[in-house]
Undergrad: 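This structure is in structure tokens; I'll ask about it shortly.
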Amino acid sequence: MSYTQGLLERQRKVGHPVRVGVVGAGQMGSGLIAQIERARGMEVAAVADIAVERGVEALTKAGRKDVTVETDVARAAALVEAGRAVVIDDGLLMPRLPVDIVLEVSGVPEIAAQIAYASLVGKKDVALMTVEADVTVGLLLSSIANAGNQVYTICRGDEPVECVKLVEYAEDLGLTVVAAGKGKNNPNRPTDVPEDVAEEAARKNMNPRMLCEFTDGTKTQLEMAALSNATGFPVDVAGMHGPSCTVDELAKKLIPAADGGILGNTPVVEYTVEGDVAPGIFVVVRSEDPVVTHELDYLKFGTGPYYAVYRPHHLASIEAHLSISEAVLNRAADFQTKTWRSEVTAKAKFPLTAGTVLEGMGGHHVHGWTVDTEVAKELNAIPIGLVAGCVLKRDLEAGATLTYDDVEVDETRPLVAMRRLQDALVRSGVIG
């Protein structure tokens with residue numbers, strides 16, 4: 001049965017479509033709202049955005065004519081029950097509305113983590129679009145959900161989730177996964193700052209800091225760390241190799257060095273630059289059986305024993321609502337952090353001076369760099385997700401990895417408290 005058939009059958013039984021509460025009505029949120037409104041068997045029941053006019057505009061563009069802005073939670077809940085679309089200004093109130101699932105699209109790790117936590121505590125399923133939050137506290141959030149009857153999932157459409165689907169496909173075929181990853185869409189310039197990409201960001205109607213997070217490499221490091229923590233596959237080297245590569249070269253380069261490739265260990269997560277892999281995703285596999293290898297060669301899958309399973313696209317907000325269907329109908333997550341295998345640390349883009357109030361991802365001070373979690377522990381490295389707002393205690397050279405000893409951390413921040421809890425539970429063996 002397709003998701004659409006399942007959703008329509010559910011609607012016939014319960015009397016209403018899946019009610020989705022969306023937190024964040026920016027560029028990505030607006031696209032998701034439009035797509036959900038087109039899907040049969042689900043609807044956007046509520047939108048939360050600090051700028052309520054954005055929520056109203058997004059719903060109106062999606063075709064809703066019954067939009068009401070409401071600040072009183074009880075009245076907002078009554079509107080949702082009556083089948084009306086409501087806009088509120090505080091995402092933390094979303095779990096108090098009669099929605100079936102909370103879809104977080106804020107793009108801000110601090111907010112996303114709080115929304116996810118509040119929703120799980122409020123007995124709501126959560127679908128997350130902000131991978132930066134998951135790479136910081138995803139193991140804690142997934143553990144909370146799995147201990148109860150909630151679903152916590154990262155949404156379909158982004159590279160880490162679609163890579164997991166390829167890994168599952170390969171494993172179901174009995175093939176051995178050697179490498180999994182993505183082609184990088186943007187240039188890789190670790191010292192980019194928002195001003196460097198401002199003109200391009202304006203053309204693309206993007207926030208310059210968001211685009212900078214892509215071009216300085218941080219986003220790719222985050223996405224591949226998320227994939228690592230979902231699959232248990234490590235990085236082969238710190239920061240990954242990131243070779244120039246075409247689709248035809250995947251099964252030649254991303255294989256063990258002993259067989260002519262570049263990898264010292266397998267399986268690993270990896271990314272490529274240049275070439276024609278982007279915006280696609282891939283899994284490089286090995287056939288262990290000569291009969292299967294012969295058959296795959298005969299079927300023109302490649303030339304064994306190594307093959308590339310490649311998908312040339314990922315569809316972002318167009319596919320994201322599929323994870324809502326999976327959560328509601330099958331009570332399952334498309335993508336979760338299952339182990340803490342990789343950590344995204346923060347490297348200084350330039351020499352930094354003591355007293356600097358640090359910007360986070362996509363800013364002027366640091367870029368992301370993925371290392372094994374054991375290496376991060378030895379360095380006492382602070383996760384990049386916690387860096388924003390920290391005060392630097394001493395001068396640092398360009399390229400230095402920031403540590404907890406280098407910064408003053410505001411321990412009152414909810415994201416910091418959640419990370420401290422996650423670290424303690426990992427150390428004690430309760431999770432991870």
Undergrad: Strictly by salt bridge (Lys or Arg N to Asp or Glu O under 4.0 Å), give each pair with a member in residues 129-149 just once, sequence neighbours left out.
TA: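 Checked against salt bridge (Lys or Arg N to Asp or Glu O under 4.0 Å) - neighbours excluded - the pairs reaching residues 129-149 are Glu132-Lys219.
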
Undergrad: Considering residues at least two apart in sequence or located in another chain, which fulfil the side chain to side chain donor-acceptor pair (under 3.5 Å) criterion with Thr246?
TA: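 Side chain to side chain donor-acceptor pair (under 3.5 Å) list for Thr246, sorted by chain: Glu249.
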
Undergrad: Within a radius of less than 6.0 Å around CG of Asp172, do more than 12 heavy atoms belonging to other residues, nucleotides or ligands occur?
TA: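 Enclosed: over 12 neighbouring heavy atoms sit under 6.0 Å from CG of Asp172.
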
Undergrad: Kindly compute the distance separating CG (Leu128) from OG (Ser142), expressed to the nearest 0.5 Å.
TA: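 Spacing of CG (Leu128) from OG (Ser142) equals 11.5 Å.
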
Undergrad: Do Lys182 and Asp158 meet the salt-bridge criterion of a basic N to acidic O distance under 4.0 Å?
TA: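 Result for this pair is no, no salt bridge flagged.
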
Undergrad: Please step through salt bridge (Lys or Arg N to Asp or Glu O under 4.0 Å) for the pair Arg54 and Asp89, ending with a clear verdict.
TA: CA-CA 10 Å; Arg54 281 202 300 250; Asp89 63 1; over 6 Å; no

Undergrad: Answer yes or no: does atom CD of Glu195 have more than 12 heavy-atom neighbours from other residues, nucleotides or ligands under 6.0 Å?
TA: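 Yes.
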
Undergrad: Output, in order, the C-alpha distance, side-chain angles, deciding distance and verdict of side-chain contact (heavy atoms from CB on, under 4.5 Å) for Leu59 and Val47.
TA: CA-CA 8 Å; Leu59 283 164; Val47 175; 3.7 Å; yes

Undergrad: Looking at every heavy atom in both Val366 and Gly360, which two are closest together, and how far apart are they?
TA: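 Here Val366 and Gly360 meet closest at CG2-O, 4.2 Å.
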
Undergrad: With sequence neighbours excluded, tell me which residues meet side chain to side chain donor-acceptor pair (under 3.5 Å) with Arg40.
TA: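 Side chain to side chain donor-acceptor pair (under 3.5 Å) check on Arg40 returns nothing, list empty.
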
Undergrad: For the residue pair Val86 and Ala76, what are the closest heavy atoms and their distance?
TA: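 Of all heavy-atom pairs spanning Val86 and Ala76, the closest is CG2-CB, 3.9 Å.
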
Undergrad: Does the Thr370 side chain pair with the main chain of Gly239, one donor and one acceptor, at a distance under 3.5 Å?
TA: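 The answer is no, because no donor-acceptor pair under 3.5 Å joins these two groups.
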
Undergrad: Measure across Ile33 and Ala25 and return the closest heavy-atom pair with its distance rounded to 0.1 Å.
TA: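 Scanning both residues completely, I find the closest heavy atoms to be CD1-CB, 4.5 Å.
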
Undergrad: Could you tell me the separation between the OG1 atom of Thr153 and the CD1 atom of Ile101, rounded to the nearest 0.5 Å?
TA: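 If we round to the nearest 0.5 Å, Thr153:OG1 and Ile101:CD1 are 8.0 Å apart.
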
Undergrad: For the OH atom of Tyr310 and the CG atom of Leu250, what is their distance to the nearest 0.5 Å?
TA: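 Interatomic distance, Tyr310 OH to Leu250 CG, rounded to 0.5 Å: 8.0 Å.
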
Undergrad: Working to the nearest 0.5 Å, report the span between CZ of Arg156 and OG of Ser325.
TA: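 Interatomic distance, Arg156 CZ to Ser325 OG, rounded to 0.5 Å: 10.5 Å.
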
Undergrad: Between Gln422 (side chain) and Leu139 (backbone), is there a donor-acceptor pair under 3.5 Å?
TA: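 Yes.
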
Undergrad: State, to 0.1 Å, how close Asp236 and Gly264 come at their nearest heavy-atom pair, and which atoms those are.
TA: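 Taking every non-hydrogen atom into account, OD2-N, 2.9 Å.
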
Undergrad: Answer whether the closest heavy-atom distance between the side chains of Lys123 and Pro95 falls below 4.5 Å.
TA: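 Lys123 does not reach Pro95 side chain to side chain.
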
Undergrad: Any side-chain to backbone donor/acceptor pair from Ser287 onto Pro305? Under 3.5 Å, distance only.
TA: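 Judged by distance alone, no pair lies under 3.5 Å.
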
Undergrad: Heavy atoms only: give me the nearest Lys184-Gly217 pair and the separation to one decimal.
TA: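 Shortest heavy-atom contact: CE-CA, 3.9 Å.
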
Undergrad: Step through the shown structure and confirm whether more than 12 heavy atoms of other residues, nucleotides or ligands are within 6.0 Å of CG on Leu173.
TA: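 Above 12, so yes.
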
Undergrad: Run the salt-bridge test on Arg311 and Glu319 with the 4.0 Å N-O cut-off and return the result as yes or no.
TA: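 Counted as a salt bridge, because a side-chain N and a carboxylate O are separated by less than 4.0 Å.
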
Undergrad: More than 12 heavy atoms of other residues, nucleotides or ligands under 6.0 Å from OH of Tyr117: is that the case?
TA: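 No.
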
Undergrad: Does atom CZ of Arg420 have more than 12 heavy-atom neighbours, drawn from other residues, nucleotides or ligands, at distances under 6.0 Å?
TA: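 Check passes, neighbour count above 12.
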
Undergrad: Treating Glu9 as the side-chain partner and Gln5 as the backbone partner, does any N or O pair qualify as donor plus acceptor under 3.5 Å?
TA: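 Here the side-chain-to-backbone pair does not exist.
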
Undergrad: Would you say CE of Met418 has more than 12 non-hydrogen atoms from neighbouring residues, nucleotides or ligands within 6.0 angstrom?
TA: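 Check passes, neighbour count above 12.
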
Undergrad: Quickly, which of Thr345, Thr218, Val135, Thr136 forms a side chain to side chain contact (heavy atoms under 4.5 Å, CB included) with Ile384? Name it, please.
TA: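 When side chain to side chain contact (heavy atoms under 4.5 Å, CB included) is applied between Ile384 and each of Thr345, Thr218, Val135, Thr136, only Thr218 qualifies.
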
Undergrad: Does the side chain of Leu92 reach to within under 4.5 Å of the side chain of Ile115, using non-hydrogen atoms?
TA: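 Contact flag for Leu92/Ile115 side chains = yes.
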
Undergrad: Once side chain to side chain donor-acceptor pair (under 3.5 Å) is applied, do any residues pair with Glu70, and if so which ones, sequence neighbours excluded?
TA: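 Residues passing side chain to side chain donor-acceptor pair (under 3.5 Å) with Glu70: Arg75.
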
Undergrad: Mark yes or no for whether Asp49, through its side chain, and Gly24, through its backbone, hold a donor-acceptor pair below 3.5 Å.
TA: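 A pair under 3.5 Å: no.
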
Undergrad: Backbone N or O of Thr191 within a donor-acceptor pair of the Asp216 side chain at under 3.5 Å?
TA: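 No, because the side chain of Asp216 does not come within donor-acceptor range (under 3.5 Å) of the backbone of Thr191.
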
Undergrad: Using modelled atom types only, decide if a donor and an acceptor are shared between the side chain of Lys253 and the backbone of Ser244 within a distance under 3.5 Å.
TA: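 Yes: the side chain of Lys253 pairs with the backbone of Ser244.
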
Undergrad: Counting distance only, does the side-chain N/O of Asp196 pair as donor-acceptor with the main-chain N or O of Val193 below 3.5 Å?
TA: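 Checking the backbone N and O of Val193 against the side chain of Asp196, a donor-acceptor pair under 3.5 Å is found.
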
Undergrad: Kindly indicate whether the side chain of Val344, heavy atoms from C-beta on, has any atom under 4.5 Å from the side chain of Trp369.
TA: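 Counting from C-beta outward, Val344 and Trp369 never come under 4.5 Å.
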
Undergrad: Just wondering, do Leu415 and Val137 contact through their side chains at under 4.5 Å, heavy atoms?
TA: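 In contact.
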
Undergrad: Could I get the full list of salt bridge (charged side-chain N to carboxylate O under 4.0 Å, His left out) partners for Asp423, not counting sequence neighbours?
TA: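 With neighbours one apart ignored, the set is Arg419.
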
Undergrad: Is Asp372 reaching over with its side chain to a backbone N or O of Glu374, donor-acceptor style, under 3.5 angstrom?
TA: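 Yes.
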
Undergrad: Can a salt bridge be assigned to the pair Asp334 and Lys165 using a cut-off of 4.0 Å between side-chain N and carboxylate O?
TA: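 Counted as a salt bridge, because a side-chain N and a carboxylate O are separated by less than 4.0 Å.
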
Undergrad: To the closest 0.5 Å, what do you measure between CG (Leu358) and CD1 (Ile382)?
TA: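 Leu358 atom CG to Ile382 atom CD1 measures 8.5 Å (nearest 0.5 Å).
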
Undergrad: Salt bridge or not between Glu213 and Arg209? Use side-chain N to carboxylate O under 4.0 Å.
TA: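 No, no charged N to carboxylate O under 4.0 Å.
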
Undergrad: Can you see whether Tyr152 has Arg331 sitting over its ring - NZ or CZ less than 6.0 Å from the centre and within 45° of the normal?
TA: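 Cation-pi check for Arg331 and Tyr152: fails.
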
Undergrad: To the nearest 0.5 Å, how far apart are CG in Asp125 and OG in Ser323?
TA: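 Going from the CG atom of Asp125 to the OG atom of Ser323 covers 12.0 Å.
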
Undergrad: Flag the pair Arg19 and Glu81 as a salt bridge only when some basic side-chain nitrogen lies within less than 4.0 angstrom of an acidic carboxylate oxygen.
TA: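 Yes, charged N to carboxylate O under 4.0 Å.
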
Undergrad: Test your reading of the model: is there a side-chain donor-acceptor pair from Glu37 to the backbone of Val44, 3.5 Å cut-off?
TA: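 Flag set: sc Glu37 to bb Val44 pair under 3.5 Å.
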
Undergrad: Does any non-hydrogen side-chain atom of Glu171 lie less than 4.5 Å from one of Tyr169?
TA: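 In short, these two side chains do not touch, never coming nearer than 4.5 Å.
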
Undergrad: Please enumerate all residues that pass side chain to side chain donor-acceptor pair (under 3.5 Å) together with Thr130, with sequence neighbours excluded.
TA: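 If we apply the side chain to side chain donor-acceptor pair (under 3.5 Å) test to Thr130, skipping adjacent residues, the hits are Glu104.
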
Undergrad: Looking at every non-hydrogen atom in both residues, tell me the closest pair between Glu270 and Phe282 and how far apart they are.
TA: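 Smallest interatomic distance, heavy atoms only, reads O-CZ, 3.9 Å.
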
